[in-house]
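For reference, the structure is listed below as structure tokens.
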Protein chains: 2
Amino acid sequence: MAVTLKEVAERAGVSRSAVSRTFTDGASVSDKMRRKVEKAARELGYSPNALASSLTTGRTKLIGLVSNNFHNPIFLEVFDLFTRGLQDRGLRPLLVNLTDEVDPENSVRMLRQYSVDGVVVASSTLPPGFAKAFRDAGVPVVHSFGRSSSSPQVHVVGIDNVECGRMAARELVTRGYDKVAFLGGPEAATSTQDRHAGFMSEMEQHPHIGVNCSFADAYSFDAGRREMLRLLQSKRADAYFCGDDVLSIGVLSAILDSGLNVPEDIGIIGLNDMEMARWENIDLTTIHQPIRQIVSSSIELMVATLNEPDRYPEARIFPCSVVERGTLRPVA
Amino acid sequence: MAVTLKEVAERAGVSRSAVSRTFTDGASVSDKMRRKVEKAARELGYSPNALASSLTTGRTKLIGLVSNNFHNPIFLEVFDLFTRGLQDRGLRPLLVNLTDEVDPENSVRMLRQYSVDGVVVASSTLPPGFAKAFRDAGVPVVHSFGRSSSSPQVHVVGIDNVECGRMAARELVTRGYDKVAFLGGPEAATSTQDRHAGFMSEMEQHPHIGVNCSFADAYSFDAGRREMLRLLQSKRADAYFCGDDVLSIGVLSAILDSGLNVPEDIGIIGLNDMEMARWENIDLTTIHQPIRQIVSSSIELMVATLNEPDRYPEARIFPCSVVERGTLRPVA
DNA sequence: AGATGTTTTGCAACCGGTTGCAAAAAGATA
DNA sequence: TATCTTTTTGCAACCGGTTGCAAAACATCT
């Protein structure tokens, strides 16, 4: 079916090694030989079988790209950036969808069967133990958007979610809201937990301010909207910190539908600073998360780790900052 | 590094073939042998190398998933559905991002180097020739969301975009709009061209109605918004058929920002029926595209083609229908 | 027990490449 | 031209599996 190295060798009248060498950088081949081989290869339409060569070289250039975030549009950009960044470095992303999969074992086994050179776990919801399972299996791993830790067991690239929670809380406090609330993503998600923890820890400094918490069941527009419609039925706060912009936008839509106004009746602060947050009719005050930097740093770290597998684990944490727009009332 | 079949064979005191056979369905192995081998394999933590075996079996279970639609959130769902559907069948998606890549040759070469069993081109914008390049290279291919044709050269699964254009036009005509417009995605996208063609062909039946056309430079919220802001400066129509819901939603936001109302001042009809279209504060009248069916049918067709590579090319076209909500004025 | 039929097993060649090593070719030096 | 280096080339073994084939083991029947 496909043209093999042997056929090229025969056509060019040279040994198989010679052909192999002309297709391997840094191998010793004379110009004459190279020309002969390339001619034959061209005539036959030969291109080397990456999988066969991986057998001896031990490198497949395959990178497992593992995620369970398939509802937050931010992740479409994340996938875009990852796939392009990896491709630019000659690496190939093998996509693994972890939706409703809790146990890392299956993925670990599968990715090892395909001898991936490394794994990028791109998820803000998976626990650190997930990425660690890959490391324990001897596969280089980078956890992007993962939980930061002062003593990481695996490479982590992302933001300090706890600090973001505090930041949001401070912002609400400064504006003088007296009943605030946290509306997070899935409660099991590490990012939700951390943002929640940070938010609460800051609010503890202000015991006179009422605090409520609730959780949407996904990081998605609809989940945010549904949760807010529920909340509006009963108790309601002055201002909400939404664990993500998609939640915020869903929440915003729920509030407007109920005939209430933002920021007059209810204040909203989100997290991520997605493109839509900038639209005039949304104009969401939010915390900017530097997605591009996180992705490109993750890729660099991955590449570095491929060259130096025993590299000491590190956490790369990027700072976030509040982008003030129109969904919180002005500071008094 | 990884445990090999040979080591398992030695540990179990059997031949390599025996080990290979216990890990191959339908091979002849006695129960006693199987138990011995499985025990050794378990103790060593062995799992077979999929790439090595592909060398002899000729099957990698790798499927190239090729796309250039990384801005339309609908495609996040598409990727979700594809990855899960493929995984459920034991196939592995190798993701290829084609953004700013016009020539199929690179992708074809790359995917052949990785000996993918098949390729799914998931794109509403690539021309049929793109998918054909894979077929010509002897790789089974299914073009999802591709241009339908009565004599397809490759398998195509999707909708009839021309008919959708007509459908939208009829809808606007019925409502008695007298200046209508088409606001499409990138002009080079086949889906844009077809929706445009259908729209125009229907409008030709109604020469008294004014028709305008323009094109956003991507299928994204922002591109739709930008294009509409531009249009509002000058000429403006009574009603717009937007080539996609993301465009519609961007367009809607631009209209509202300009102090105009929908559907009173301007009518909008979209295409896709994405989740957000249902929100009360958006409430978009649109044409429903059956995404899940398209994806699952694509996967079925892919699997069928893997088993029968010379299968005669077919086009699977799913019907669309108008979902009436609140962005067009009622029929008089 | 012996003849016959059916499974199960191991041997060895193969899949499409790579690579250490030694022989051959080319280049440099005297 | 003979000798010594350096570069280029081919041989053969190997990467981690699969598989056709024939021998070995087991089961069945007289």
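Lettering follows sequence order; numbering is per chain, from 1.
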Identify, between B/K32 and B/S54, the residue whose nearest nucleotide on DNA chain D lies closer to the 5' end.
-> B/S54
What do you reckon, are the aromatic ring centroids of A/F145 and A/F75 less than 6.0 Å apart?
-> yes
Starting from the 5' end of DNA chain D, give me the residue, B/P48 or B/R21, whose nearest nucleotide shows up first.
-> B/P48
How about B/F70 and A/F82: are their ring centres within less than 6.0 Å of each other?
-> no
Contact boundaries of DNA chain C with chain A (under 4.0 Å, heavy atoms), 5' to 3'?
-> C/dG16 to C/dC21
To the nearest 10 degrees, what angle separates the axes at the start and end of the helix from C/dA1-D/dT30 to C/dA30-D/dT1, five pairs each?
-> 30°
Assert yes or no for the condition that the ring centre distance of B/Y46 to B/F23 is strictly below 6.0 Å.
-> yes
Would you indicate what B/S20 reaches in the nucleic acid, counting non-hydrogen atoms under 4.0 angstrom: base, sugar-phosphate, or nothing?
-> base
Base, sugar-phosphate alone, or nothing: which one does B/T4 contact when heavy atoms must sit under 4.0 Å apart?
-> sugar-phosphate
Does a side-chain heavy-atom distance below 4.5 Å link A/V108 with A/V119?
-> no
Indicate, with a heavy-atom threshold strictly under 4.0 Å, whether B/S53 touches base, sugar-phosphate, or nothing.
-> sugar-phosphate
A/R42 and A/E38 ion-paired at < 4.0 Å | no
Shortest non-hydrogen contact from B/R311 toward B/L301 = NE-CD1, 3.7 Å
Would you please test A/T60 and A/D117 for side-chain hydrogen bond (donor to acceptor under 3.5 Å, both in side chains) and show each step?
-> CA-CA 6 Å; A/T60 53; A/D117 289 348; 3.2 Å; yes
Tightest non-hydrogen contact, residues A/R59 and A/L306, listed as NH2-O, 2.6 Å
Could you tell me whether A/S30 contacts a base, only the sugar-phosphate backbone, or nothing, with contacts defined as non-hydrogen atoms closer than 4.0 Å?
-> sugar-phosphate
Counting any heavy atom closer than 4.0 Å, what does B/V29 reach on the DNA or RNA strands: base, sugar-phosphate only, or nothing?
-> sugar-phosphate
